[in-house]
2 protein chains.
Amino acid sequence: MSKRPKISPKQPIAERSGPDAPAGLNQIPLLQILSAQDRQKVLGEMTETRYGKGEYIFREGDPTEYFHIVKEGSVKCVKSSLDGKECTLKVLMPGDLFCCDASAFDGASHPGTAQPMGDVSVLRMKKEAYFKMLRANPDAAMEVIRYLGNRLNEAQEKAKVLALDRADQRLASLLVNLAERSGIKDPNGIRVTVRLTRQDMANMVGVTTETAIRIMARFKKDRLVTGTAARLVIRDLPKLKLLAST
Amino acid sequence: MSKRPKISPKQPIAERSGPDAPAGLNQIPLLQILSAQDRQKVLGEMTETRYGKGEYIFREGDPTEYFHIVKEGSVKCVKSSLDGKECTLKVLMPGDLFCCDASAFDGASHPGTAQPMGDVSVLRMKKEAYFKMLRANPDAAMEVIRYLGNRLNEAQEKAKVLALDRADQRLASLLVNLAERSGIKDPNGIRVTVRLTRQDMANMVGVTTETAIRIMARFKKDRLVTGTAARLVIRDLPKLKLLAST
DNA sequence: TTCAAAACATGACTATTGTCATGTTTTATT
DNA sequence: AATAAAACATGACAATAGTCATGTTTTGAA
């Protein structure tokens, strides 16, 4: 894993070449939908930026100027309350779009903060070029509508879980989601590739760090999970699913 | 106010006439965006349906076939947990779209239930016609993207409030939203036109009915609000705003 | 390798909210 | 106007999760 860059190098995508550049871009449905010609044009208008831990892609309240796509790594969307408590709304992974809705650009500012989790690479495009692209490509517009609809359903499901479930059920739901969205096979079960501390998990399900630690300790004792941030493994997905919905 | 219809009369919009029909349709931004010609075509493909209290527009798990617009009245979007607890995600008002995202149609079923709150009138359109319309009208597609983006921001703000705030703060937030979204001037403050029982409010902020009643009683004692469902009046919006964000 | 910082852990106590029981008031319908 | 159902209300108690304090372990950078 590379070290955190002190500066964030920017470069036009069109200048990039080499065998792995197209491979990363293959993971992005919105770009796959475009014709080769349109894709080249869009890539010419996009800029790639790398960020490291501790940096910000943008912060709550900043003016909104760009449309973004996650290319590599994960990005967390965070909102804060006045008294310093934080809530992580969503972990974005490669292919995820953000600030992809026109509402974000009605002269408004960012409703939340986007923070890299480790080293990430993000593609950006001026909003004007983005809107032009959507108007010219009904397929792309439909893909954005589909994507936003999925995000909305996810957000509402999350609201439901926060409104109705106990802390241990919310954590179980989170672990099930993580297993499905970022899990890879492991001798002992499913390994979660996103690196999440107990504090990160706490912020994702609306509990204190202590509560997250206590519940995870109980899950470990009950052989549902093992390990911490660096190597979190789901050992019993069915039982977690059951707990999440009981 | 008309009585609850025992059956839900359906009629093609094109057949409707009279002075008030266009007035109702003026409140719908998505239709306003279309050219007069396209609007006529779309209206010809839409059906108006009336529903009364106790009926369902659709239920969680039903197959998704139509795109919907609220024309009159309010509609609540509800999700239930296995043990019978309910969560109201959103109250839709005239002009609001639902099932407007392609993801809703990927052979999927409704993620939640849509229930009328009193008498409502809803416009519906087969998904195929809807998608065709969006592809043919970039302005309409952009409007749906804008709309979905707003809904997503709202849902995430709601998740944040559920994750971080106490019950009384969540209720205060709800009252502030209601005042802004459905409030009209009243001698004593701002009257909320949507009819919400304490139980409805409880379901909207993820607390029990008893807790909602107790907190509303405290708000009444502190002269922040008066009245119940039939006539709920916000008396001190600034103090409620303060409470919501403290 | 060392060392500081971050993450993990646990106990004692408190605050908040839920649960259950019961009773009153309001609302809508006959 | 009568009446049943729904909504509103309140108390006693229980469960859940937060707070604060303290200590250990792990991680990452020099």
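We name chains A, B, ... by the order of the sequence lines, and we start the count at 1 in each one.
One atom, NZ of A:Lys221, and another, P of C:dA9, lie 14 Å apart when rounded to the nearest Å. Atom P of nucleotide D:dT10 and atom CZ of B:Arg218 are separated by 13 Å, given to the nearest angstrom. For A:Met201 and C:dC8, the CE to C1' distance is 11 Å, given to the nearest whole Å. Going from atom CZ of B:Arg198 over to atom C1' of C:dT27 covers 14 Å, rounded to whole Å. Atom P of nucleotide C:dC20 and atom CD1 of B:Ile213 are separated by 16 Å, given to the nearest angstrom. Remark: P of D:dC8 and CG of B:Leu196 are 10 Å apart, rounded to the nearest angstrom. Straight-line distance from the CG atom of B:Leu232 to the C1' atom of C:dT26: 16 Å, rounded to whole Å. Nucleotide C:dA6 holds its P atom 17 Å from the CE atom of A:Met117, rounded to whole Å.
By the 6.0 Å contact criterion, NZ on B:Lys85 is enclosed, its count of non-hydrogen atoms from other residues, nucleotides or ligands being greater than 12. The environment of CZ in A:Arg181 is crowded: more than 12 heavy-atom neighbours from other residues, nucleotides or ligands sit within 6.0 Å.
In this structure a side-chain-to-backbone donor-acceptor pair under 3.5 Å is present from B:Gln169 to B:Arg166. Listed for the B:Thr64 side chain is a donor-acceptor partner under 3.5 Å among the backbone atoms of B:Ala108. When atom types are taken as modelled, the side chain of B:Lys158 and the backbone of B:Met204 share a donor-acceptor pair closer than 3.5 angstrom.
Backbone-only contact: A:Arg195 has heavy atoms under 4.0 Å from sugar-phosphate atoms and none from a base.
Taking for each of B:Lys220 and A:Thr228 the nucleotide of DNA chain D with the nearest heavy atom, the 5'-most of the two is the partner of B:Lys220.
Using modelled atom types and a 3.5 Å distance limit, the side chains of A:Asp96 and A:Tyr147 yield a donor-acceptor pair.
With rounding to the nearest 0.5 angstrom, the NE2 atom of A:His110 is 11.0 Å from the CG atom of B:Asn153.
When the nucleotides D:dA7, D:dC8, C:dT10 are ranked by their closest atom to the side chain of A:Ala217, C:dT10 comes out on top.
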Between the protein and nucleotides 15-19 of chain D, list every N/O to N/O distance that falls short of 3.5 Å.
unit_1 : atom_1 : unit_2   : atom_2 : d
D:dA17 : OP1    : A:Ala167 : N      : 2.5
D:dG18 : OP2    : A:Thr208 : N      : 3.4
D:dG18 : OP2    : A:Thr208 : OG1    : 3.3
D:dG18 : OP2    : A:Thr211 : OG1    : 2.5
D:dT19 : O4     : A:Arg214 : NH2    : 2.7

